Amino acid sequence: MSNLEQTLSIIKPDAVERNLENEIKEMFKNKGFSILKEKKIKIEKSEAEKFYKVHETKPFYNDLCTYLSSGPILVMVIEKHNAVLGNRELMGATNPEDAEEGTIRKKYGISIDKNSVHGSDSIENAKIEIDFFFKD
Ligand code: UDP
Ligand code: MG
């Protein structure tokens with residue numbers, strides 16, 4: 001089908017630290033996502049700064065980059081029809097307090113900064129973000 005999409009998902013340090021990787025991966029699979037690629041890595045702060053460059057003018061940028069580089073993360077390419085939007089729906093709102101029942105952030109998010117998962121916000125950014133981690 002024409003709208004089969006791939007998007008980038010990251011299980012962030014707060015969730016990896018709590019050993020939630022498998023539970024979160026199950027949530028993706030239960031929603032019909034295929035996990036095409038995955039790798040567990042720890043990135044340098046300079047790489048986090050590059051990844052989150054779109055946010056460089058935001059007040060939370062420095063803390064965000066420190067945080068994403070603070071411990072291991074699980075980076076995944078996931079696929080499904082309308083994967084970009086579907087992933088954003090499954091993740092829930094940026095602030096776990098605002099996230100709907102049944103979303104990853106509602107279930108596992110600790111706070112607006114430690115919100116357990118990242119997901120690409122557009123098809124264009126999904127391609128850029130997949131290349132960022134998986135182009136070799
Ligand atoms: N973030 C934060 N404080 C804020 C807003 C965002 O610490 O006030 C962090 C949070 O970890 C979020 C990330 O910055 O996931 C990227 O922000 P964005 O607005 O892109 O949210 P997302 O796309 O992750 O829902
Ligand atoms: Mg975002």
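Counting convention: from 1, in listed order, for ligands and their atoms alike. Here the structure is a predicted model, which means the values were calculated and not measured.
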In terms of side-chain geometry, is the basic nitrogen of K107 or E23 positioned less than 4.0 Å from the acidic oxygen of its partner?
no
What residues, two or more places apart in sequence or in another chain, satisfy side-chain contact (heavy atoms from CB on, under 4.5 Å) together with I112?
T94, N95
Over 12 non-hydrogen atoms of neighbours within 6.0 angstrom of NZ in K127:
no
Evaluate the ring planes of F33 and F28, with Trp represented by its six-membered ring, and classify them as parallel (under 30°), tilted (30 to 60°) or perpendicular (over 60°).
perpendicular
Which residues pass the side-chain contact (heavy atoms from CB on, under 4.5 Å) test with E101, sequence neighbours left out?
K106
Can you pull out every side-chain hydrogen bond (donor to acceptor under 3.5 Å, both in side chains) where at least one residue sits in residues 49-60? Sequence neighbours excluded, please.
K53-E56, H55-K58
Using a threshold of 4.0 angstrom between heavy atoms of the protein and any atom of ligand 1, which residues qualify?
K12, H55, F60, L64, R88, T94, R105, I112, D113, N115
